[in-house]
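Notes for the one structure printed next.
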Number of protein chains: 2
Amino acid sequence: MSDQRLRRAQQVMAAQGVDALLLGPSADLRYLVGYHALPLERLTLLVLPVAGEPVLLVPELEVARAQDSGAGDHVELAAWSEIQDPIALVVERLQRAGAQRGKLAVQDRLWTAFTLGLQAALPAAAWLPGSQVMRELRLRKTPEEIAALHAAGAAIDAVHAAVPELLRPGRTEQQVGRDLAERILDDHDEVNFVIVASGPNGASPHHETGPRRIEAGDAVVIDIGGTRQGYCSDMTRNYAVGHVPEGYAALHRLLERAQQSAVEAVTPGSSAEAVDAAARSIIAAAGHGAHFVHRTGHGIGIEEHEEPWIVEGNPLELEPGMAFSVEPGIYLPGRYGARIEDIVVVTPDGVARCNHRPRELVVCT
Amino acid sequence: MSDQRLRRAQQVMAAQGVDALLLGPSADLRYLVGYHALPLERLTLLVLPVAGEPVLLVPELEVARAQDSGAGDHVELAAWSEIQDPIALVVERLQRAGAQRGKLAVQDRLWTAFTLGLQAALPAAAWLPGSQVMRELRLRKTPEEIAALHAAGAAIDAVHAAVPELLRPGRTEQQVGRDLAERILDDHDEVNFVIVASGPNGASPHHETGPRRIEAGDAVVIDIGGTRQGYCSDMTRNYAVGHVPEGYAALHRLLERAQQSAVEAVTPGSSAEAVDAAARSIIAAAGHGAHFVHRTGHGIGIEEHEEPWIVEGNPLELEPGMAFSVEPGIYLPGRYGARIEDIVVVTPDGVARCNHRPRELVVCT
């Protein structure tokens, strides 16, 4: 699979006039060569010329790790020792490929310090973000990838099913969060994040699970995700503890309608921004436009956030195999918040959800 | 404290001729303004001009999170919405400060995609890594920081003390790793990493804790660390399960001598490379030079790996307050490995260790 993906990347590069692709530790690197490199201060870098053989530069102390990953079956592994300059080795490889004055695509998340080092050593090169190449490979998922997303969705469904056992007045967000993290690991390989946002904390979409004690009458937003066999889950539901706070039930029903409408807008030929608008128009019509402070969704796959971005201003046409979250939210500062999130996949004739738990507000008593 | 640190950063910038410092989500940002930002695809960026007021650009949906951190007490918070271009906002702020053609220091780990966007929008600027500024602030720890490192060291000492209860033949590395992660959380806020490298896996310094079952006669390298009240622990010890494999006891005694010698080389006025040489010369003299494939240590503080690098070729003079690991290792591919690691702090008259567990090989029976 890696050989095929490497060839496909080279085809995309040729079509875009890119001379070399430089990938540090990232999902892109995992995707192309299967190596889960550590994002540390020692440079790991795949140098993939548009024509010719790729090489993976690896710190000497991580060679065994790289070999264990099987990456060496697809690309040459070249170790650099603690007293060598890895930038000089990259330059040498690019010169060998005749790409030192070319268009170089650098993985979006490579640390800036490395890129500045490369730019200083290659003053005649032009630079562009690696996502310009990699999005062409990763944006449309294969049937195997879609199956993996459905399996991850089922796994996180099961964790949400257990929430009513865990949410009780007097417990802290952190206690509940720790329990959720353990449950996620029952059928995931990694916990990616756990957001337990209780009461007024629910009004902060990226609230950091904290020491607040959950009280009766709290609305609680729970947004959790992990990685299962290389693919991510991500799912949000809302709970009320003991009883439903005033005004929350109606707000939640509004949000259910908005999320349903956005999911129904997902179909081949529609657009990313149309999905966003489907949710946003309903929320805005009810007077809560200013309380929906984020885009409607993000792509998902081997990364928890990847393209496509489901946001106003993104005209991207939806195609079968694209996978993303649909997660409108409404946030009332000082009171509470709510967000409903499912992962969906564009199918040849519409949409399939990866999450199947009921979307209604769950009251935990 | 933040106000003082911001002023100190501006002083360093003035001395270096840097016009503005740009910090994305990073330890540097936490250090300067106390905000633990999420390293996501939405840009969070502190713009600190050499003179004048700093501004922290934050995605709108993370404003509550940023406010909770207290960062707003020290810098202006400016939210950008999902349909704005954050790069344009950065450019505007730099123009306002007159720095758009100046020397701009960018945090080392900022994602390259952001830096490429900034470079395209600011073609007349010169770029340098932010560590050039930040190292001057972070390299010498204050008494409070040193106390925090000692406390983190005591916390990880306690986890190593529990290892003999956990290491038994038949258990997998992952099972032991999960137990260790839980113990780390008993007196840390976060688990940074857990390496359980058993038998031949011990020969890979950055081995990924995996499904291998531990057997009687295995040597096991355990390297663990977490964050406690903002400061990191990092400590490695070696264990043998049931009985000591052939040749390992002598190898371990050699390593103990090398580590002891390196720690004794730590004193004000000595150098980073002298500490490295102190360990390396002993290991090389015993014929294992080629089996010690990494530097002797790395700085530690609010990050698990930071400056100073204890490596050949680094002439940095040691000064009181510098804190780093001393962790020589010997790795015999296919057989086993060993590494002994303590965190040390340079004191006015020598050195203090943050880890106090015995360094001898522990046989678990």
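Proteins get letters first, then strands, A, B, ... in listed order; numbering begins at 1 in each.
Of the atoms belonging to Leu40(B), it is side-chain heavy atoms, and not backbone ones, that fall under 4.5 Å from chain A. Looking at Leu116(A), the atoms closer than 4.5 Å to chain B (heavy atoms on both sides) all sit in the side chain, from C-beta outward. With a threshold of 4.5 angstrom between heavy atoms, Ile83(B) approaches chain A through side-chain atoms but not through N, CA, C or O.
Chain B forms the most heavy-atom pairs under 4.5 Å with one residue out of Leu38(A), Val293(A), Leu61(A), Val63(A), and that residue is Leu61(A). In terms of heavy-atom pairs under 4.5 angstrom with chain A, the leader among Gly24(B), Gly313(B), Pro205(B) is Pro205(B).
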Hey, what donor-acceptor pairs show up under 3.5 Å between chain A and chain B?
unit_1, atom_1, unit_2, atom_2, d
Glu41(A), OE1, His305(B), ND1, 3.2
Glu41(A), OE2, Arg295(B), NH1, 3.3
Glu41(A), OE2, Arg295(B), NH2, 2.4
Glu41(A), OE2, His305(B), ND1, 2.9
Glu62(A), OE2, His206(B), ND1, 2.6
Arg65(A), NE, His206(B), O, 2.7
Arg65(A), NH2, Glu208(B), OE1, 3.2
Glu82(A), OE2, Arg295(B), N, 2.6
Asp108(A), O, Thr112(B), N, 2.9
Asp108(A), O, Ala113(B), N, 2.8
Leu110(A), O, Thr112(B), N, 2.9
Leu110(A), O, Thr112(B), OG1, 2.6
Thr112(A), N, Asp108(B), O, 2.9
Thr112(A), N, Leu110(B), O, 2.9
Thr112(A), OG1, Leu110(B), O, 2.6
Thr112(A), OG1, Thr115(B), OG1, 2.5
Ala113(A), N, Asp108(B), O, 2.9
Thr115(A), OG1, Thr112(B), OG1, 2.5
Gln119(A), OE1, Gln119(B), NE2, 2.8
Gln119(A), NE2, Gln119(B), OE1, 2.8
His206(A), O, Arg65(B), NE, 2.7
His206(A), ND1, Glu62(B), OE2, 2.6
Glu208(A), OE1, Arg65(B), NH2, 3.2
Arg295(A), N, Glu82(B), OE2, 2.6
Arg295(A), NH1, Glu41(B), OE2, 3.3
Arg295(A), NH2, Glu41(B), OE2, 2.4
His305(A), ND1, Glu41(B), OE1, 3.2
His305(A), ND1, Glu41(B), OE2, 2.9

